Participant: 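The structure under discussion is supplied below as structure tokens; questions concerning it will follow.
In what follows, every chain begins at residue 1, and chains take the letters A, B, ... in the order their sequences are listed. What you see below is based on every heavy atom in this structure, not just the backbone, and it leaves out hydrogens, waters and symmetry mates. Because the structure is predicted, anything quoted here is derived from the model rather than measured.
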Amino acid sequence: MKPPYEIQRFELRLSGLGGQGILTLGKVLGAGLALEEGYFVAQTQSYGPEARGGASRSDLVISSQPISYPKPEQLDLLVALSQEACNQYYRHLKQGGYLLVDDSLVKQTPTNIYWGLPFTTLAKEKLGMVQAANMVLLGALAHLVPFVVPRAMKKGLETSLSPKFLESNLKAFQLGMTQAKKKYPNVQTQWTSF
Amino acid sequence: MPTKVKKNHRKEERSLFALGNEAVVEGALLAGCSFFAGYPITPSTEIAEIMAERLPRLPDGVFIQMEDEIASLGAVIGASLAGRKSMTATSGPGFSLMQEHIGYASMTEVPLVIVNVMRGGPSTGLPTSPAQGDVQQARWGTHGDHPIIVLSASNVQECLDMTVRAFNLSEKYRSPVILLLDEITAHTREKIQIPNRETYEIFSRIKPSMPPEWFVPYEESMRGVPPMPALGEGYRFHVTGLTHDVNGYPTSRPEEVEKLMQRLFRKIDQFFYDIQIIEETACEDAEVVVIAYGCVARSAHLAVLQARELGTRAGLLKLKTLFPFPRPAVERFIRQCRAVIVPEMNMGQMSREVKRVNNGLSSVRTLNRIDGQIITPAEILKVLQKA
């Protein structure tokens, strides 16, 4: 299986608070990219000893070649779901790397060049389920990042989630995709730094 | 409560996006493990968790959550004596509790596998951060002079492979085998290939073939590994942690004690080359070699490739067997290189071994980090360029 895009080493960090579903999101995203698209993916995680509320992050290194060092060094894309995470990890972003925030939670961004969508508010108001925010985010990623293909992500959802929750998650995914399309209609077809 | 018994032995190859811990479970089940007793502890919890789900689905699988780690290893020893391939998984604090029974398993020659996912220590330390502080404890933690096999893995596919190797070696040599992982390796998700059961080498303990009345439980032989019947198969044998004679009964007669101890060491020593597992990267013409294991080997791999691009002839020797220490392999590079670098996430537990082997021949540089963070490729590259 040959991946459609050639990726040298793409480093992505999903960050926020424990309980926001960041580790699940990393798992689904990684499974989709690795199993459906055929990329080499190393997903690592870091979290505090607390079950909820502590800092939580999930890092993905995506490449067309085998990955040696599994941790990111300079991020191509940082996703921040809390102000604290945004403040803390912004400095790890490489020159020209992109920042995607939940702008209902991150009020103050360190740069004016960023993507912002209110994932948590969307999940709460349109779906009535604040827990679905991570899948709304996945939908947005499927639109914004060229090698994150919606079909593969849906397949990833099917393999890593129990059928009981599949329908509501797919709904959240679709919502994220349409909202991202509405706000950012023109996106790049090949990933380049700005 | 009736449990639905499913056939879990899938034969075809398949791929999976899995955690290192999940890969350990896949490897164990592939090797034929049917008994797990343990006590959950971060960062090894997923092993117990998935075992609790998978084992009861096997026709003869047993999972027990014990009251603590001492009892866990006790149960594992019992199950192994009853003929099961058995294992447990733990982390630093639990591993300390297991030490006594490791000695018992070593003395009574019970095959079993212990997975220790290392976290920051001492004591409760850093539960969710990686470290490599248990290396010498794995070798010398239990009292008394004893041989032991200690393996390690650095990526998710290796977690599966080395778990199978751990079971194979323990069954082959009737010895406890310790698989040392670290938090990063155990909590990294990667795509793995689960090999076909039919084509993957799985070793099971050799059972006695003579009539039960001729059976001598700990008989001296060329291989040094006595055949092992399961309890209840008609062969009588006595199990004791006291030094014992060939029949398994306590003895303190020097000639019998020495025979037993010599055989325990010999059975591991004489098969050294079967146990030594190493992996070389860019070593043929290397002038500086990094000797690494576990997650640090992955940083070292990238650092070595970067150093090559910058013009330093660097190489990587990845140790997958930590003990018995792969002396011949290390010695070769000590003779070949002007310096060897040993990066590790402790204050120098493996570099101590390398220095011992080095014996003044080459220069041994150490790179240590004990703040719960992985050693980065950039740090290793810096030392590589200076060496």
Participant: Answer whether the closest heavy-atom distance between the side chains of B:Glu190 and A:Val61 falls below 4.5 Å.
Facilitator: no
Participant: Check whether B:Arg298 reaches the backbone of A:Ser68 with its side chain - one donor and one acceptor, N or O, closer than 3.5 Å.
Facilitator: yes
Participant: For the CD1 atom of B:Ile375 and the OH atom of A:Tyr69, what is their distance to the nearest 0.5 Å?
Facilitator: 9.5 Å
Participant: Starting at CG of B:Leu302, measure out to CD of A:Glu73 and round the result to the nearest 0.5 Å.
Facilitator: 6.0 Å
Participant: What I'd like to find out is whether the side chain of A:Thr159 reaches to under 4.5 Å of the side chain of B:Phe17, using heavy atoms alone.
Facilitator: no
Participant: Between A:Gly30, A:Ala42, A:Gly26, who has the most heavy-atom pairs with chain B when the cutoff is under 4.5 Å?
Facilitator: A:Gly30
Participant: Select one option (side chain, backbone, both, neither) describing which atoms of B:Thr376 are under 4.5 Å from chain A's heavy atoms.
Facilitator: both
Participant: Using non-hydrogen atoms only, which part of B:Leu19 is less than 4.5 Å away from chain A: side chain, backbone, both, or neither?
Facilitator: side chain
Participant: If the contact rule is any heavy atom under 4.5 Å from chain B, which residues of residues 160-170 of chain A qualify, in numerical order?
Facilitator: none
Participant: Can you tell which part of B:Ile192 gets under 4.5 Å to a heavy atom of chain A, answering side chain, backbone, both or neither?
Facilitator: neither
Participant: For the OG1 atom of B:Thr188 and the NZ atom of A:Lys71, what is their distance to the nearest 0.5 Å?
Facilitator: 6.5 Å
Participant: Mind listing the closest non-hydrogen atom pair of B:Lys191 and A:Leu35 along with its distance?
Facilitator: CD-CD2, 3.6 Å
